[in-house]
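Letters go in sequence order (proteins before strands), and every chain restarts at 1.
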2 protein chains.
Amino acid sequence: MEHSTPRGPVPEVALDRSSPVPLYFQVASRLQQLIESGVMPVGGRLENEVELADRLAVSRPTIRRAVQYLVERGVLVRKRGAGTQIVHPKVRRPVELSSLYDDLTKSGQKPHTEIRTLHVGAPADHVAEALGLGEDAEVTWIERLRFADGEPLAIMHNAVPVDVLPLRREDLEERGLYELLRAAGYAPRMANQVVGARVATSAEARLLDDVRGAPLLTMTRTAWDAGGRAVEYGSHIYRASRYSLELTLST
Amino acid sequence: MEHSTPRGPVPEVALDRSSPVPLYFQVASRLQQLIESGVMPVGGRLENEVELADRLAVSRPTIRRAVQYLVERGVLVRKRGAGTQIVHPKVRRPVELSSLYDDLTKSGQKPHTEIRTLHVGAPADHVAEALGLGEDAEVTWIERLRFADGEPLAIMHNAVPVDVLPLRREDLEERGLYELLRAAGYAPRMANQVVGARVATSAEARLLDDVRGAPLLTMTRTAWDAGGRAVEYGSHIYRASRYSLELTLST
DNA sequence: GTCAACACTTTGTCCTGACATAGCTGCAAT
DNA sequence: ATTGCAGCTATGTCAGGACAAAGTGTTGAC
């Protein structure tokens, strides 16, 4: 008898064996699509792997790999002996490491950047240490003022090793730093951030068009690419009244 | 001829086939150990998978799975046609979702908690929405004051659904909330956090033994377990002069 | 000397087959 | 009625083989 959670049927799944897209990925994408469209209900159980492999005419390892992929992204949970279930859609993987520029663009605001300084040279000690650079290494050091919809939002100091990316003023005015890094093949994959708060000095207040003593959100970050190469150091200050950090963390 | 990066020899690796620990995991652990102890140099190349499988007398899928595991944790990088390399140790996996209590304990401080209120009832609207709860759901609502080395550090408001965990005063005084959740089998696996800053009101300043206008770090968070069940909502306030958030993010 | 074609190395994908083990369910013995 | 055992179901682990495709380096033609 069947009085447990409903078992999804996984309707018509078409696979293209001549496609360069791997089979396991085709299966995973199709499954995710079915889940997100609501055809397969949240909390419902998947068919077991053997049946699924049978019906889709692929081997069990291929099915397992597809399911594995979705488990890692938090879409499915497996329990040995019990089956595979669809997880509540609220729990999804953090999308990607984002920068302020990305965040603003995504939320529909129009960011605008003023480059206050940009020069190449040996990094300060704490920067060199954060990036793990040697004695003779050089970085591009920049100070930027970031506006959203015309209002000043953040003072940003950044360092990028010159052999990672030669930064140019005109690029930075039109694009975010992370976008430039990605385009150069040094997409940040991991970052360490320290977030704190303090009140504005009068110099900072003047730049940010705010008052002395206004609350500020501070963030310092070091980012690495997939190869473990340090690609960016940043020390940012945000007007707390106009910006807050949104983060998704996962184990 | 061999004038590329040195190829690690992977010295004497002993596997126990009678152990309940899976072979691929034994291999992965051993490799990680060799890497972290410095026997296999950072940046160095691994033997290719076929040779490795041969020498360790396991199949290639097993080796692949072990390497895969370390790739996911950021210890290795693979490139088709090129080989597998050891990544700089700075780039490692975020350990686990931690709470303030965990953080303090780990950094050698002695946390101490004062429970100011604890009652069960229907959640406020914004809390119910954050947790995705229905009309008739009940939560335990707590307000705590957290001290480190005798000094007040944070005001913490939390809500936990009663059917997840019945919270008791005496437990909370001695343990962190996350520790209790983990013990009950609802280990947080994913969380959404919003971090901001503002200045203290006089009431907050009094509680935190600080002055009005002192900078505060604010954090609101919703956490889910592996099954996608919302297990905790929190709204915390930290003294910025005594605490900052440290985060590791990854793609 | 430069550049394109080629061979070689190495990881990526996919298959078949087998056995182990955790979780569940129902039946039987107590 | 409760406990414990047996059997079923489903995922977990592992082997061995085959071919595809990307990256690297070498060779040869111009």
message = For Tyr69(A) together with Tyr24(A), are the ring centres under 6.0 Å from each other?
response = no

key: side chain to side chain contact (heavy atoms under 4.5 Å, CB included) involving Ala230(B) - partner list, sequence neighbours excluded   =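 Residues passing side chain to side chain contact (heavy atoms under 4.5 Å, CB included) with Ala230(B): Leu131(B), Trp224(B).
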
message = List the residues meeting side chain to side chain contact (heavy atoms under 4.5 Å, CB included) with Glu173(A), not counting sequence neighbours, and say none if there are none.
response = Ile115(A)

inquiry  = For nucleotides 3-8 of chain C, give me one character per nucleotide, 5' to 3': B if any protein heavy atom sits under 4.0 Å from the base, S if the only such contacts are to the sugar-phosphate, - if neither.
reply    = ------

inquiry  = Protein within reach of the bases, or only the backbone? For nucleotides 15-20 of chain D, mark each nucleotide 5' to 3' as B, S or -, using heavy atoms under 4.0 Å.
reply    = BB-B--

Report the residues that fulfil side-chain hydrogen bond (donor to acceptor under 3.5 Å, both in side chains) with [X], sequence neighbours left out, ordered by chain and then residue number.
X: Thr222(A); result: none
X: Arg78(A); result: Glu49(A), Gln68(A)
X: Ser29(B); result: none
X: His236(B); result: Asn158(B), Tyr238(B)

Can you see if the side chain of [X] gets near the phosphate of [N] - specifically, an N or O under 4.0 Å from OP1 or OP2?
X: Tyr24(B); N: dC14(D); answer: no
X: Arg45(B); N: dT10(C); answer: yes
X: Arg78(A); N: dG12(D); answer: yes
X: Thr84(A); N: dA10(D); answer: no

ask   = When rounded to the nearest 0.5 angstrom, what is the spacing between CZ in Arg189(A) and CG in Asp225(A)?
value = 9.5 Å

Protein-nucleotide distance ([X], atom [atom1]; [N], atom [atom2]), rounded to Å:
X: Arg65(B); N: dG12(D); atom1: CZ; atom2: P; value: 8 Å
X: Gln85(B); N: dG23(D); atom1: CD; atom2: P; value: 14 Å
X: Phe25(B); N: dT13(D); atom1: CZ; atom2: P; value: 10 Å
X: Leu76(B); N: dT10(C); atom1: CG; atom2: P; value: 16 Å
X: Glu47(B); N: dT10(C); atom1: CD; atom2: P; value: 10 Å
X: Leu15(B); N: dT13(D); atom1: CG; atom2: P; value: 15 Å
X: Asn48(B); N: dT24(D); atom1: CG; atom2: P; value: 16 Å
X: Glu49(B); N: dT11(C); atom1: CD; atom2: P; value: 5 Å

key: First encountered from the 5' end of DNA chain C, between Gly81(A) and Lys79(B)   = Lys79(B)

task = Using a cut-off of 6.0 Å, state whether more than 12 heavy atoms not belonging to Glu174(A) lie near its atom CD.
result =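 Atom CD in Glu174(A) is not crowded, with 12 or fewer foreign heavy atoms closer than 6.0 Å.
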
Taking only N/O atoms, report every protein-nucleotides 3-7 of chain D pair under 3.5 Å with atom names and distance.
none

task = Mind jotting down which residue pairs meet the ring-ring contact (aromatic ring centres under 6.0 Å, His included) criterion with at least one end in residues 34-66 of chain B? Sequence neighbours excluded, please.
result =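 Of all non-adjacent pairs touching residues 34-66 of chain B, none passes ring-ring contact (aromatic ring centres under 6.0 Å, His included).
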
ask   = Just one of Asp16(A), Ile63(A), Leu56(A), Thr62(A) clears the side-chain contact (heavy atoms from CB on, under 4.5 Å) bar with Leu23(A), so which one?
value = Thr62(A)

request  = Take the C1' atoms of the five end pairs on each side of the helix from dG1(C)-dC30(D) to dG23(C)-dC8(D), derive the two axes, and give their angle rounded to 10 degrees.
outcome  = 20°

query = More 5' along DNA chain D: Arg64(A) or Pro20(A), using each one's nearest nucleotide?
reply = Arg64(A)

ask   = Any donor-acceptor pair under 3.5 Å linking the side chain of Gln32(A) with the backbone of Leu70(A)?
value = no

message = In terms of relative ring orientation, are His157(A) and Trp141(A) parallel, tilted or perpendicular, with 30° and 60° separating the classes?
response = parallel

inquiry  = If the glycosidic angle sits within 90 degrees of zero it is syn, else anti. Tell me which applies to dC24(C).
reply    = syn

query = Side chains of Arg221(B) and Gln193(B): donor-acceptor distance under 3.5 Å anywhere?
reply =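 Indeed, the side chains of Arg221(B) and Gln193(B) share at least one donor-acceptor pair under 3.5 Å.
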
task = State which residues pass salt bridge (Lys or Arg N to Asp or Glu O under 4.0 Å) with Asp163(B); sequence neighbours excluded, sorted by chain then number.
result =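 Once residues adjacent in sequence are excluded, the partners of Asp163(B) under the salt bridge (Lys or Arg N to Asp or Glu O under 4.0 Å) criterion are Arg229(B).
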
